[in-house]
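Below: the structure, in structure tokens.
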Amino acid sequence: MDNTELTMINNLHKNTGKTLEEWIKIVQAQNFIKHGEIIKYLKTEHGFTHGFANLVAHKSRGSDAGSVENKDELVEAQYKGKSDLKPVYDAIMKEVSKFGDDIEVAPKKAYISLRRNKQFAILKPATKTRFELQLNLKGLIPEGILEAEASANAMCSHKIKLASIDDITDEVFMWLGQAYERAE
């Protein structure tokens with residue numbers, strides 16, 4: 001469990017008077033099937049913010065990275081049927097490892113989150129033929145290969161679409177490095 005998650009769990013108890021375990025029992029008693037149902041319930045019925053609702057939803061379903069014992073299994077599962085994109089992920093991770101030893105690599109079910117003091121990138125095999133490098137570069141005007149992230153609730157502001165390892169250029173690593181630097 002990382003420090004951010006531990007802080008959220010402690011703040012959940014402080015803010016609501018109930019522990020994470022108590023909230024998990026409350027949610028599980030509702031027999032929700034979908035993640036979104038849990039979030040909606042906690043936000044509308046209990047006044048949760050999205051972050052706390054998301055935490056409880058993931059923990060109650062065991063779908064968060066912290067609930068998986070072998071994080072490599074999460075990465076492996078992401079590239080099932082998308083093995084042509086795995087070299088893209090490997091090349092980016094090799095470069096990221098050169099940035100510094102202050103990077104937290106947090107595999108999730110559908111993507112890898114890269115954090116420093118805050119999240120600066122998401123590595124995601126978006127489709128069978130497209131890898132997305134999503135970056136937190138708020139305030140920058142998209143240029144070159146850098147596109148604005150159109151998703152309304154995006155955690156990152158920009159993205160770079162890659163189809164193969166041949167698409168990885170110095171420009172990719174320049175943008176990734178900028179996102180890393182901004183996450184101090």
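Worth knowing before you read on, the calculation uses all heavy atoms, side chains too, and leaves out hydrogens, waters and symmetry mates.
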Exercise for the section: Please name the pair of heavy atoms, one in Leu74 and one in Pro107, separated by the smallest distance, quoted to 0.1 Å. Expected result: CD1-O, 3.4 Å
Handout entry: Ile112-Ile122 co-clustered via ILVMFWY side chain contacts under 4.5 Å
Key = no
Exercise for the section: Using a strict 4.0 Å threshold on nitrogen-to-oxygen distance, state whether Arg182 and Glu184 make a salt bridge. Expected result: no
Fill in the blank from the handout: Nearest heavy-atom contact between Gly81 and Lys128 is O-CG, 3.6 Å
Handout entry: Joint hydrophobic cluster, Ile24 plus Ile39, side-chain heavy atoms closer than 4.5 Å
Key = no
Exercise for the section: State the CD1-NZ distance between Ile145 and Lys159, to the nearest 0.5 angstrom. Expected result: 13.5 Å
Problem - Nearest-0.5 Å distance, CG of residue Leu42 to OG of residue Ser60 - result: 8.0 Å
Practice task
Find the distance between CG (Leu135) and CD (Gln119) and round it off to the nearest 0.5 Å.
Solution key: 10.0 Å
Practice task
Output, in order, the C-alpha distance, side-chain angles, deciding distance and verdict of side-chain contact (heavy atoms from CB on, under 4.5 Å) for Val75 and Tyr79.
Solution key: CA-CA 7 Å; Val75 176; Tyr79 292 93; 4.1 Å; yes
Exercise for the section: Would you kindly confirm whether Ile92 and Trp175 end up in one hydrophobic cluster when ILVMFWY residues are joined by side chain heavy atoms under 4.5 Å apart? Expected result: yes
Practice task
Taking all heavy atoms of Ile165 and all of Val88, pick out the closest pair and write down the distance.
Solution key: N-CG2, 3.5 Å
Exercise for the section: Report yes if some heavy atom in the side chain of Ile160 is under 4.5 Å from a heavy atom in the side chain of Asp167; otherwise report no. Expected result: no
Handout entry: Within residues 76-92 or reaching into it, pairs that qualify as salt bridge (Lys or Arg N to Asp or Glu O under 4.0 Å) - sequence neighbours excluded
Key = Lys86-Asp90
Handout entry: pair Arg61-Ile38: side-chain heavy atoms closer than 4.5 Å
Key = yes
Handout entry: Trp23/Phe48 aromatic ring centres below 6.0 Å
Key = yes
Exercise for the section: Provide the closest heavy-atom pair for Arg130 versus Glu132 in the form atom of the first, atom of the second, distance. Expected result: NH2-OE2, 2.9 Å
Practice task
Please round to the nearest 0.5 Å and tell me the distance separating atom NZ of Lys161 and atom CD of Gln134.
Solution key: 11.0 Å
Exercise for the section: Give the C-alpha distance, both sets of side-chain angles, the deciding distance and a yes or no for side chain to side chain donor-acceptor pair (under 3.5 Å) between His158 and Asn136. Expected result: CA-CA 6 Å; His158 296 76; Asn136 192 347; over 6 Å; no
Exercise for the section: Check step by step if salt bridge (Lys or Arg N to Asp or Glu O under 4.0 Å) holds for Glu95 and Lys98. Expected result: CA-CA 5 Å; Glu95 186 68 20; Lys98 298 175 188 175; 3.5 Å; yes
Practice task
May I ask you to test the Asn54-His58 pair for a side-chain heavy-atom distance under 4.5 Å?
Solution key: yes
Exercise for the section: Would you check if Leu123 and Tyr111 make a side-chain contact, meaning some heavy-atom pair closer than 4.5 Å? Expected result: no
Exercise for the section: Return the minimal non-hydrogen interatomic distance between Leu85 and Thr127, and the atom names on each side. Expected result: CD1-O, 3.2 Å
Practice task
Group every Ile, Leu, Val, Met, Phe, Trp and Tyr by side-chain heavy-atom contacts under 4.5 Å, then state whether Leu137 and Phe99 land in the same group.
Solution key: yes
Handout entry: Reported OG-to-NZ distance for the pair Ser113 and Lys108, which is rounded to 0.5 angstrom
Key = 5.5 Å
Exercise for the section: Determine the interplanar angle of the Phe32 and Tyr41 rings, folded into 0 to 90°, and report it as parallel if under 30°, tilted if 30 to 60°, perpendicular if over 60°. Expected result: tilted
Handout entry: Euclidean distance, His50 NE2 relative to Lys40 NZ, rounded to 0.5 Å
Key = 14.5 Å
Handout entry: side-chain contact (heavy atoms from CB on, under 4.5 Å) between Ile103 and Asp101, worked out
Key = CA-CA 6 Å; Ile103 298 171; Asp101 60 2; over 6 Å; no
Handout entry: Sidechain-backbone polar pair: Glu37 side chain, Lys34 backbone, donor-acceptor under 3.5 Å
Key = yes
Exercise for the section: Using the rule that two of Ile, Leu, Val, Met, Phe, Trp, Tyr join whenever any of their side-chain heavy atoms come within less than 4.5 Å, decide whether Leu6 and Val105 are in one cluster. Expected result: no
Handout entry: Close side-chain approach of Met93 and Leu114, heavy atoms under 4.5 Å
Key = yes
Problem - Closest approach of Ala183 to Lys118 (non-hydrogen atoms, all atoms of both residues) - result: CB-O, 3.6 Å
Problem - side-chain contact (heavy atoms from CB on, under 4.5 Å) evaluation trace for Met8 with Leu20 - result: CA-CA 10 Å; Met8 281 192 75; Leu20 174 61; over 6 Å; no
Exercise for the section: Side-chain contact test, heavy atoms from C-beta onward, threshold under 4.5 Å: evaluate it for Phe120 versus Gln178 and give yes or no. Expected result: no
Handout entry: Stacked cation flag Arg116 on Tyr180, 6.0 angstrom / 45 deg
Key = yes
Exercise for the section: Test side-chain contact (heavy atoms from CB on, under 4.5 Å) on Lys138 and Ser157 and set out the steps. Expected result: CA-CA 5 Å; Lys138 288 183 177 49; Ser157 58; 3.8 Å; yes
